[in-house]
Structure formats: structure tokens, C-alpha cells
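Worksheet: the structure to be examined is printed underneath.
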Amino acid sequence: MAPAVKTTSKPSGKGAKTKKLHRNIGIMAHIDAGKTTVTERILFLGQKIHRMGEVHDGAATMDFLEEEQKRGITIQSAATAVDWDGHSINIIDTPGHVDFTAEVERSLRVLDGAVAVFDAVSGVEAQSETVWRQADRYGVPRICFINKMDRTGADFDAAVQSIRDRLNARPVAVQMPVGSEKDFSGMIDLIRMRFYKFDTEGDGRSFEDLEIPAELMEEAQLAHHQMVETAAEFDEELLDLFVEDQEPSQDLVLSALRKGTLAMEISPVLCGSALKHKGVRFLLDAVVQLLPSPADIPAIQGEDPDSGDPITREASDEAPVCLMAFKTTAESTGDLTFVRVYSGVLNAGSKLLNPRTRKTERIGRLVKIHANKRESVDAIGAGDIAAVMGLKFTITGDTLCDPDSPVLLSKIQFPETVISMSVEPEKSGDRDKLSEIIGRMTREDPTFRASTNEATGELVISGMGELHLEVVVNRIRNDHKCGVKTGRPKVAYKQRFSKEKDTEARYIRQSGGRGQFAVVNVRFEPTQGEDAGFEFVDSIKGGNVPREYIPAVSNGIREMFEGGGNSGIPFMNLRATLYDGKAHDVDSSEMAFHGAGVLAFRQAMEHNTTLLEPIMKVEVRVPEDYLGAVVGDLNSRRGEVSDVDAVGDLRVVRALVPIAEMFAYSSALRGATQGRGSFAMELAEYRDVPVSIAEKVLAAP
């Protein structure tokens with residue numbers, strides 16, 4: 001028998017050649033699939049830390065917020081970097097709970113590749129689908145890691161099939177587990193055709209590199225054949241060898257798998273148990289060999305801030321500097337802004353233009369981030385990720401660029417808030433302090449909103465769910481030391497126009513001197529689509545409304561759209577077309593046409609609005625004994641159960657339920673299942689509220 005291989009050995013060889021020894025990756029998954037534990041093991045193997053903390057002990061390196069340590073979940077994305085096989089790997093550990101999906105959204109916007117972690121027992125879960133769709137939207141290639149292979153009920157083949165079925169993806173196994181549950185003893189590398197046997201007596205860090213046992217050879221050869229058959233689609237040389245039934249080289253197979261992965265046609269699948277250290281080193285090898293470097297990513301597309309003409313920037317140090325701010329952390333000494341450099345070199349002390357604000361920012365201190373620790377650097381090259389301290393006018397999604405070569409990159413899209421509550425300080429003297437704290441938190445979190453109810457004077461905060469707002473309130477109390485009282489959570493309703501309506505708004509005021517005169521004809525139409533917001537169309541012909549007054553009409557209508565008219569409930573999905581009007585040579589003004597826009601909206605919304613409520617996609621996992629009670633309860637909450645699946649000894653119920661009926665559901669589910677049920681939910685769509693319920697909502701104070 002071969003001697004045990006030490007943890008410093010590299011079983012997978014040199015791997016495919018890459019253009020640049022650099023990787024930017026994210027770790028993404030459903031809550032409790034093991035993302036943070038995977039990251040912790042990566043840090044240890046990369047010698048970034050010398051002692052591993054565990055999530056369940058509240059000691060994980062990447063979960064450094066007090067709320068994260070107390071709850072045992074990741075709340076905000078955390079960045080770090082490790083060196084592996086001559087490559088520098090920037091890693092962002094993202095949250096798994098849907099309430100913090102914005103952290104995943106902004107991380108994937110700037111990453112080149114991702115590792116999707118799946119629980120070997122549960123396979124694809126609700127948030128797995130969400131993060132997978134987000135990665136699709138931003139064109140992020142992925143590899144998959146089937147974690148927790150040593151758990152009772154672990155099933156590698158079922159987990160891979162769930163990726164195929166629920167994500168409409170094309171997983172390709174590059175490893176084959178040997179055993180499962182308590183008998184998980186190693187894996188077969190289907191590229192090298194070697195058996196890595198773990199030290200089951202120890203902690204799994206050491207292993208033996210062995211020949212494949214005879215009893216497993218036939219199954220391994222079949223799996224190897226299937227992998228090569230898929231990889232051959234991406235390389236003609238490999239295809240010729242496959243057709244001629246000749247064995248290809250390992251490097252050729254790796255190169256073909258890499259091409260397929262970068263094209264997002266396939267997702268290689270590995271397996272292991274991160275808690276026991278099993279398989280994480282092979283995952284790191286796969287990151288280096290199969291995921292893209294910044295040089296492999298197409299040149300970033302932007303536009304000229306003035307003309308809107310398209311601009312392309314190559315990931316080169318010689319190009320003009322261009323970067324995106326993708327995360328802001330508000331600190332007492334100033335904001336810490338995480339940035340991805342897309343082109344050029346970012347130097348400390350340089351001055352860059354923010355095309356959104358048209359202001360210049362001075363780059364003060366540059367730092368590389370490791371969780372909550374920082375290391376000062378003088379410069380950051382193209383393709384790298386770092387943080388800048390002390391930016392004054394830059395928020396999440398902003399571009400910073402060379403003032404002599406301006407470019408504006410596309411913004412990050414964030415989901416709408418679905419829940420709100422009132423909040424006020426326990427001491428009246430803390431009102432200004434609370435406003436300052438909330439201002440800092442809204443800069444940090446684009447899905448956390450705050451506004452003042454003009455009718456009641458209440459400060460209202462809004463977020464992605466109950467847990468989101470609960471964490472926000474706890475951070476105000478504990479991190480910022482400001483006592484607050486909160487009201488009951490409320491649904492973030494919206495409105496839409498029921499039907500198309502034409503209006504003629506006449507804003508005419510005479511007060512002895514110069515008057516106000518504006519007449520506008522506007523057609524209001526409800527629009528369709530998930531991202532359809534407000535659209536203003538200028539169809540004026542012949543100059544009946546002078547060009548300089550048209551923006552004022554648009555602004556007046558937009559104010560009403562966002563402010564919600566008389567009820568204060570924001571609108572959605574509306575197109576307003578200005579097609580005619582009248583002006584007066586003396587009495588017309590921007591103020592008059594702004595007022596006409598407001599008046600046109602008021603006329604159009606009269607007896608023409610429908611209340612909308614957020615509908616959540618809910619996934620509940622329960623033992624079969626409690627299935628009937630759970631389904632009955634969801635039905636009583638105006639839920640629509642779409643299907644029920646079996647995953648191991650659990651039943652998975654999927655349903656659409658209004659969020660208004662889901663408050664405190666976690667407590668109800670715990671009571672109904674004796675603590676053995678779990679659930680996840682995310683926003684699916686907005687739907688019309690039943691008339692009887694809408695009347696009560698609108699009548700409520």
C-alpha cells in the first residue's frame with residue numbers, strides 16, 4: 001500500500017495552462033449547505049489561518065459579525081484571498097438566506113467564477129435555485145461541490161440529478177464518491193483515474209493515492225467514459241480520440257472541460273465533506289484548473305456617460321483605469337468600499353471620476369481584505385479585488401474611472417423590498433443619532449430602505465423579510481448602542497393602474513401678476529414584465545409643449561408614481577405618454593408643467609387602481625408524518641401548493657403564498673412539526689389583492 005500522502009502534496013498535476021495566475025470566485029449555496037465551512041477549510045489549506053473555527057461554535061473566520069456568530073449563519077458577504085498552486089484566489093463567502101440575497105447579487109456582479117455548494121442529502125434547495133439564476137444572469141461559470149457526503153441519507157447521484165432537474169443545468173461528474181454516509185471513505189478522480197482514500201481515523205486531511213480497486217473499476221470506467229464523451233463536445237482533438245476509442249491525455253480532458261465550463265455549457269461536479277476536510281484540496285485544484293481568470297472573461301462593456309455610445313475595456317494593466325464599487329461598509333472613520341478593477345492599475349493617491357455624480361474621488365488608502373483584517377497596498381492591477389477607504393460620493397454599483405477616458409458600467413439590479421415596520425428611538429434625544437445610523441446602514445445595504453411617513457411622522461424601515469429587519473434592529477441596538485422601539489411588520493404593498501386612461505390636465509393659476517399656465521395630454525397604460533417600472537414617452541409633435549418643459553412633466557408624474565398618490569403606496573408597471581399640450585408665451589414655466597404632470601396622474605388614478613401584494617415562493621421540508629398538517633396550514637394561508645416531492649425521508653412542499661399570511665410562520669411550523677420542519681421563501685411575483693382584503697388594507701390607518 002502506498003504511504004499516506006501529506007496535506008502539502010498535489011495529486012492533480014499541473015492542470016490546464018491559464019493566461020493569468022489569478023482567480024476571483026464566490027462560494028454560494030442554500031443556507032446550511034456548508035459554504036462558510038468550505039471557505040474555512042480553504043483558508044486553512046492555503047495557510048491563511050492556522051486554526052480553524054467552526055460555524056456552530058460561532059468562531060468561523062468569515063462570520064465575524066456578532067449577529068452571524070450568534071445565529072450561526074452568514075449575513076453579509078466577506079472577502080479574503082489565498083494562494084494555491086501558484087495562483088492567487090480572491091474568495092467571497094456569500095449568505096445563503098434569501099433575506100440577504102443582495103449580498104449574493106452584488107458579489108456575482110464582479111466575480112469571474114463560482115463554487116456552488118450542495119447538501120448531499122437535500123440536493124438543490126430553494127435558495128440554490130435563486131443563486132443559480134443570479135449566476136446565470138451575470139454569466140458566471142460554476143463548478144459544483146456536493147458537500148456532507150458523510151451525512152445520513154447522503155446520495156451523490158440524487159444530488160447531481162436534482163441539479164439537472166431543478167436548475168436545468170448540465171452537471172458533469174469529475175469525481176465518483178466511494179461509499180456514502182458513515183462509509184464515505186474517498187473518491188475516484190475520473191480524470192486521472194486514481195483512488196484517493198481518506199484517513200478515516202484522523203480528520204481526513206491526509207489521504208492515500210491508490211490504484212482503483214478491482215470491484216470499482218467497471219463503474220469508474222463507465223463514469224470516466226461519460227465524462228470524456230461530454231468533454232469531447234468542446235474539443236475536436238478529444239472528439240477524434242473518443243470516436244476512435246483511444247485514451248486521451250489528462251491535460252486534453254482538463255482543457256476540454258475548462259472550455260465547456262467557461263462557455264457555461266457544463267458544470268463539473270466534485271464531492272466531499274468540508275467539516276471533515278475531505279475533498280476540499282481537490283476543490284481548490286478544480287478552481288485553478290477549470291474556472292476562468294480575468295483574462296478569460298470577455299472585455300467589460302460600458303457606455304460613454306455623455307453620448308451613451310458603447311465602450312469596451314480590456315482586462316489589461318495598460319488600459320485606462322476602470323473599476324466598480326460593489327459593496328460599502330459604513331465605519332466611524334469613513335466608508336470602506338469594496339472594488340473590482342476591470343482595467344488599468346488603481347494607485348493609492350490617484351483621482352478618479354464618478355460618472356454618476358460627475359464628481360472626482362481621491363483614492364486614499366488601498367487595502368486587501370481578509371474577513372475583518374486589512375493589509376495596506378500601493379496599487380491594484382486589472383482583474384483584482386480590494387477595498388478603498390474614505391470615498392465620499394460613491395455608493396454600491398457606481399463606476400470610478402480615469403477622468404480622461406470616462407466610462408459608465410451597467411448598474412447592479414437589486415430586488416424590491418417586501419416588508420416594512422416603524423421604528424423610533426427609546427429616548428427622544430436619540431432621534432438624530434438613529435437617523436445617522438440608518439443612513440449608514442442604507443449605504444451598506446441596497447435592499448434596506450428607510451422613509452418617513454408624512455401623515456404620521458413615523459420612520460419606516462423596509463427590507464427583504466422578517467429576519468432581515470430583525471437583524472437590522474439588533475445591529476442598531478447592539479452594534480450602534482441605540483435603543484429603539486418597533487411597530488408590527490407590515491406588507492410592502494404596491495399599486496398598478498387597472499386600465500389605460502387618457503387625461504387632459506389643465507394647470508392654470510391667475511393671481512393678479514404673472515400666472516401659471518400648462519396644459520398636457522397624457523396617456524397612462526399599465527405595462528407587463530417583472531422589471532417594468534416607470535416609463536415616460538415623449539410623443540410631442542410640432543412643439544405644442546416646448547422642449548425645455550417636457551422633463552418637468554416627466555418629473556411630476558414620476559413623483560406621484562413613486563410617492564403613491566393619496567394612499568402613499570408606490571405604483572409599479574406604468575407607461576406615461578405625453579402626446580399633446582399647450583403653453584403660454586408669458587405664463588408657462590417649469591413649475592406649471594410639473595404641476596400639470598402631478599394633476600394628470602391624479603386624474604388618471606381616480607377609480608383606476610388595483611392593490612398588489614408580494615407572493616412568496618415557499619419551500620417547506622417536513623417528515624411525512626406532518627405532511628397533511630403542513631399542506632392544510634398553507635392552504636389556510638391562501639397558499640397554492642404546486643407539488644410535493646420526496647427527498648430521502650423528508651417531504652418537500654412547494655407553494656405560492658402571500659407574504660401577509662407568512663408572518664411568524666417559523667414559530668407555527670416549529671409547533672406543528674415538533675421542531676422537525678424547516679422552510680425557505682423568496683419573492684415570486686406581485687398579484688392583485690382580493691377585493692375584500694384590499695378594502696381592509698386601504699382602510700387601515
Side-chain angles (χ1 to χ4, degrees), residues 26 28 65 67-68 74-79 92-111 127 130-131 133-135 137-138 140 323-331 334-340 354-357 361 369 385 387-388 391-400 408-421 423 435-452 459-473 475-476 479-480 492 494 530-531 533-534 562 570 572 614 682-683 686:
M28 63 184 203
L65 287 181
E67 283 291 309
E68 293 177 316
T74 302
I75 289 171
Q76 68 174 22
S77 53
I92 297 183
D93 176 30
T94 62
H97 197 287
V98 69
D99 281 18
F100 309 105
T101 191
E103 294 288 338
V104 185
E105 192 85 32
R106 59 182 168 192
S107 299
L108 289 175
R109 172 64 176 79
V110 298
L111 292 173
Q127 187 66 3
T130 304
V131 296
R133 286 198 308 271
Q134 289 171 315
R137 185 160 63 249
Y138 291 116
V140 178
L323 56 99
M324 171 170 277
F326 67 94
K327 178 179 168 65
T328 300
T329 302
E331 302 181 338
D335 288 355
L336 177 71
T337 306
F338 291 73
V339 299
R340 159 72 189 261
N354 183 329
R356 180 184 64 85
T357 63
E361 291 271 25
I369 299 292
I385 289 175
V388 182
L391 296 181
K392 291 182 171 59
F393 313 112
T394 300
I395 60 174
T396 296
D398 277 356
T399 304
L400 292 176
L408 180 64
L409 304 179
S410 61
K411 288 189 173 183
I412 307 172
Q413 298 297 321
F414 294 106
E416 290 288 333
T417 58
V418 296
I419 187 174
S420 60
M421 66 165 61
V423 59
S435 296
E436 182 184 339
I437 292 167
I438 287 180
R440 289 167 61 179
M441 297 181 85
T442 53
R443 292 205 305 278
E444 288 185 349
D445 183 354
T447 59
F448 172 61
R449 314 276 167 81
S451 61
T452 301
L459 181 60
V460 178
I461 58 175
S462 304
M464 299 302 298
E466 284 185 281
L467 179 61
H468 187 192
L469 293 187
E470 185 182 329
V471 167
V472 165
V473 170
R475 287 190 63 197
I476 292 172
D479 296 357
H480 299 285
K494 289 187 178 295
E530 183 181 339
D531 299 324
F534 174 69
E562 295 174 349
M572 64 186 296
E682 65 172 314
L683 178 64
Y686 273 82

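Considering only residues two or more places apart in sequence or on other chains, S410 meets the side-chain hydrogen bond (donor to acceptor under 3.5 Å, both in side chains) condition with R109. Under the side chain to side chain contact (heavy atoms under 4.5 Å, CB included) criterion, P570 pairs with K494, sequence neighbours left out. Judged as a side-chain hydrogen bond (donor to acceptor under 3.5 Å, both in side chains), and not counting sequence neighbours, R449 has no contacts. Scanning for side chain to side chain contact (heavy atoms under 4.5 Å, CB included) contacts around T337 gives A325, T328, D335, V339, L391, with sequence neighbours left out. By the side chain to side chain contact (heavy atoms under 4.5 Å, CB included) test, S435 pairs with no residue at all, sequence neighbours left out. Partners of S420 according to the side chain to side chain contact (heavy atoms under 4.5 Å, CB included) rule, which considers only residues two or more places apart in sequence or in another chain, are V460, S462, K490.
We find the CE-CG distance between M421 and L459 to be 12.0 Å, quoted to the nearest 0.5 Å. Of the inter-residue distances, the one linking Q134 atom CD with M28 atom CE reads 8.5 Å to the nearest 0.5 angstrom. To the nearest 0.5 Å, the span separating NZ on K392 from OG1 on T357 amounts to 13.0 Å.
Under the 3.5 Å distance criterion, the side-chain polar atoms of E361 are matched with a main-chain donor or acceptor of T394.
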One pair to check against side chain to side chain contact (heavy atoms under 4.5 Å, CB included): L469 and V423. What are the steps and the verdict?
CA-CA 11 Å; L469 293 187; V423 59; over 6 Å; no
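The residue from I92, L111, D398 that alone fulfils the side chain to side chain contact (heavy atoms under 4.5 Å, CB included) condition with F326 is I92.
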